[in-house]
Amino acid sequence: MALAFCLSGCIRKTATITSDPPNAKVWVNGVYYGQTPIEMAYNWNWFYDIKLEKPGYEPLTVRERFYAPLRHWVPFDFFTEIMPFRSHERQWRHYVLTPKKEL
């Protein structure tokens, strides 16, 4: 029985953020993550403040909520955690930046 728990999987959560145009700087909840496209790990299915900036474009700030699939809801998540394989929860977000208006 102890061996079964040692071999059990776990839930991996990642979010991929892309933008048009690419290479926009990304902050999530005030923490800089790099330039798009990025992949970040997260722990909670809740609200995240995402900010994108790129020279020549208007800054974009959005509040996104990451939702869990049914297999990761309580009480089903217990069974997902003890299964002998990993369960991957993926979120994708794509943003289109607006060019700055020249005066």
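Of the possible donor and acceptor atoms, none in the side chain of Asp49 sits under 3.5 Å from a partner among the backbone N and O of Arg63. Side-chain atoms of Glu58 never come within 3.5 Å of backbone atoms of Leu97 as a donor-acceptor pair (strictly under, hydrogens ignored).
Annotation for Lys54 and Pro22: closest pair NZ-O, 2.8 Å, computed over non-hydrogen atoms. Between Asn45 and Tyr67 the shortest heavy-atom distance is OD1-C, 3.9 Å. Listed here is the closest heavy atom pair of His94 and Ser19: CE1-C, 3.6 Å.
Distance CG/Leu52 to NZ/Lys25: 12.0 Å, rounded to 0.5 Å. Taken to the nearest 0.5 Å, the CE atom of Met40 stands 5.5 Å off from the CD1 atom of Ile17. Separating the OG1 atom in Thr16 from the CD1 atom in Ile38 is a distance of 8.5 Å, to the nearest 0.5 Å. Distance check: Glu39 CD to Arg90 CZ gives 7.5 Å after rounding to the nearest 0.5 Å. Once rounded to the nearest 0.5 Å, the distance linking OG1 of Thr98 with CG of Leu60 reads 7.5 Å. Taking CG of Asn29 as the start and CZ of Phe47 as the end, the distance is 12.0 Å to the nearest 0.5 Å.
There is a side-chain donor-acceptor pair under 3.5 Å between Glu64 and Tyr95.
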Stepwise side chain to side chain contact (heavy atoms under 4.5 Å, CB included) check, Phe66 with Lys13: CA-CA 10 Å; Phe66 293 168; Lys13 299 178 181 186; over 6 Å; no
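Both Val62 and Trp44 sit in one connected hydrophobic cluster of ILVMFWY residues. Membership requires side-chain heavy atoms under 4.5 Å apart, directly or through other members. Taking hydrophobic clusters as Ile, Leu, Val, Met, Phe, Trp and Tyr residues chained together by side-chain heavy-atom distances below 4.5 Å, Tyr57 does not share a cluster with Tyr32.
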